Amino acid sequence: MKFGEFVRGLRARKRMKLREFCLKYGHDPSNWSKVERGELAPPSDRKLLEAWAKQLGVKKGGGEWFRFFDLASIERGKVPDDLMSDKEIVDALPVFFRTFRAKRPTEAELNELIRLLKK
């Protein structure tokens, strides 16, 4: 899922039309529509993203919170800030990348990795 699709789903869950949402929170409807359609990249400013998350009803620290920020980072071609600030994770990234380049994991292997990481 892309950031824009996720944002659109969050707005729809609030049962707000795009223009209604933009009017309430002071967004330009044309630009917001471009974000939702993936034509405009998410902002890189953390405070702005936090404001958007709050407007969309995303609870800080929850699963949707991390997904919101992860999708925004990935869309900008970045590793999420909280991961980049963890030296142990950053040190492990080259091994992770080399492993994935050498042999692409199957879907079952990826699902198993996800299961293990969630432990």
Side-chain angles (χ1 to χ4, degrees):
M1 173 174 283
K2 301 278 188 177
F3 179 79
E5 296 171 63
F6 189 63
V7 166
R8 183 183 310 124
L10 293 169
R11 179 185 51 77
R13 188 174 70 192
K14 290 178 67 91
R15 300 180 189 270
M16 295 181 84
K17 302 267 187 201
L18 186 138
R19 290 194 179 276
E20 176 187 10
F21 178 83
C22 290
L23 183 62
K24 180 174 181 172
Y25 294 108
H27 299 291
D28 176 84
S30 176
N31 286 337
W32 193 264
S33 175
K34 288 176 184 173
V35 169
E36 288 190 2
R37 289 180 285 133
E39 294 177 12
L40 193 62
S44 57
D45 182 89
R46 177 79 182 196
K47 289 185 190 272
L48 181 56
L49 281 171
E50 287 180 4
W52 285 14
K54 184 177 179 182
Q55 293 164 3
L56 291 162
V58 177
K59 290 191 168 68
K60 190 170 187 171
E64 283 185 338
W65 178 267
F66 290 108
R67 188 164 189 199
F68 179 86
F69 284 93
D70 290 349
L71 290 171
S73 292
I74 291 165
E75 193 119 340
R76 291 188 323 269
K78 304 279 184 189
V79 175
D81 293 339
D82 60 321
L83 297 179
M84 288 304 295
S85 65
D86 186 319
K87 184 178 177 349
E88 190 175 351
I89 290 174
V90 172
D91 289 347
L93 285 176
V95 174
F96 178 78
F97 295 146
R98 282 195 306 275
T99 301
F100 270 77
R101 281 189 186 112
K103 179 183 174 231
R104 304 233 2 116
T106 65
E107 187 172 345
E109 290 169 329
L110 280 175
N111 288 334
E112 177 63 11
L113 175 61
I114 291 167
R115 186 188 70 72
L116 291 170
L117 290 172
K118 286 183 176 180
K119 279 187 169 183

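The shown structure was predicted, so the numbers you read here are calculated from the model rather than taken from an experiment.
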Option passing side-chain contact (heavy atoms from CB on, under 4.5 Å) with Trp52 (candidates Leu10, Val35, Val58) | Val35
Hey, are the side chains of Lys2 and Glu75 touching, using non-hydrogen atoms and a 4.5 Å cut-off?
-> yes
Mind running salt bridge (Lys or Arg N to Asp or Glu O under 4.0 Å) on Lys24 and Glu20 for me, showing each step along the way?
-> CA-CA 6 Å; Lys24 180 174 181 172; Glu20 176 187 10; over 6 Å; no
From Asp82 atom CG to Arg46 atom CZ, the distance as rounded to the nearest 0.5 Å = 7.0 Å
Is it the case that one hydrophobic cluster holds both Val79 and Phe66, taking links as side-chain heavy atoms less than 4.5 Å apart, direct or via other members?
-> no
Is it true that atom CD of Glu39 has more than 12 heavy atoms of other residues, nucleotides or ligands lying nearer than 6.0 Å?
-> yes
For residues Lys17 and Arg11, report the shortest heavy-atom separation together with the two atoms involved.
-> C-NH1, 3.5 Å
Kindly say whether Gln55 contributes a backbone atom to a donor-acceptor pair with the side chain of Lys14 at under 3.5 angstrom?
-> yes
Separation between CG (Leu83) and NZ (Lys78), nearest 0.5 Å, reads 14.5 Å
Minimum heavy-atom distance Asp86-Glu88, with the two atoms named = OD1-N, 3.0 Å
So which heavy atom on Leu18 is nearest to which on Trp32, and how close?
-> CD1-CD1, 4.0 Å
Ser33 side-chain N/O to Ser30 backbone N/O, donor-acceptor pair under 3.5 Å = no
Should Ile74 and Val90 be counted in the same cluster of Ile, Leu, Val, Met, Phe, Trp and Tyr side chains packed under 4.5 Å apart?
-> no
Are Leu48 and Phe3 in one and the same hydrophobic cluster, where Ile, Leu, Val, Met, Phe, Trp and Tyr link if side-chain heavy atoms are under 4.5 Å apart?
-> yes
Out of curiosity, does Phe6 fall in the hydrophobic cluster containing Tyr25 (side-chain heavy atoms, cut-off under 4.5 Å, transitive links)?
-> yes
Please name the pair of heavy atoms, one in Ser73 and one in Pro80, separated by the smallest distance, quoted to 0.1 Å.
-> OG-CA, 3.5 Å
Where is the tightest heavy-atom contact between Phe69 and Glu50, given as atom of each residue plus distance?
-> CZ-CG, 3.6 Å
Heavy atoms only: give me the nearest Arg76-Leu49 pair and the separation to one decimal.
-> NH1-CD1, 3.9 Å
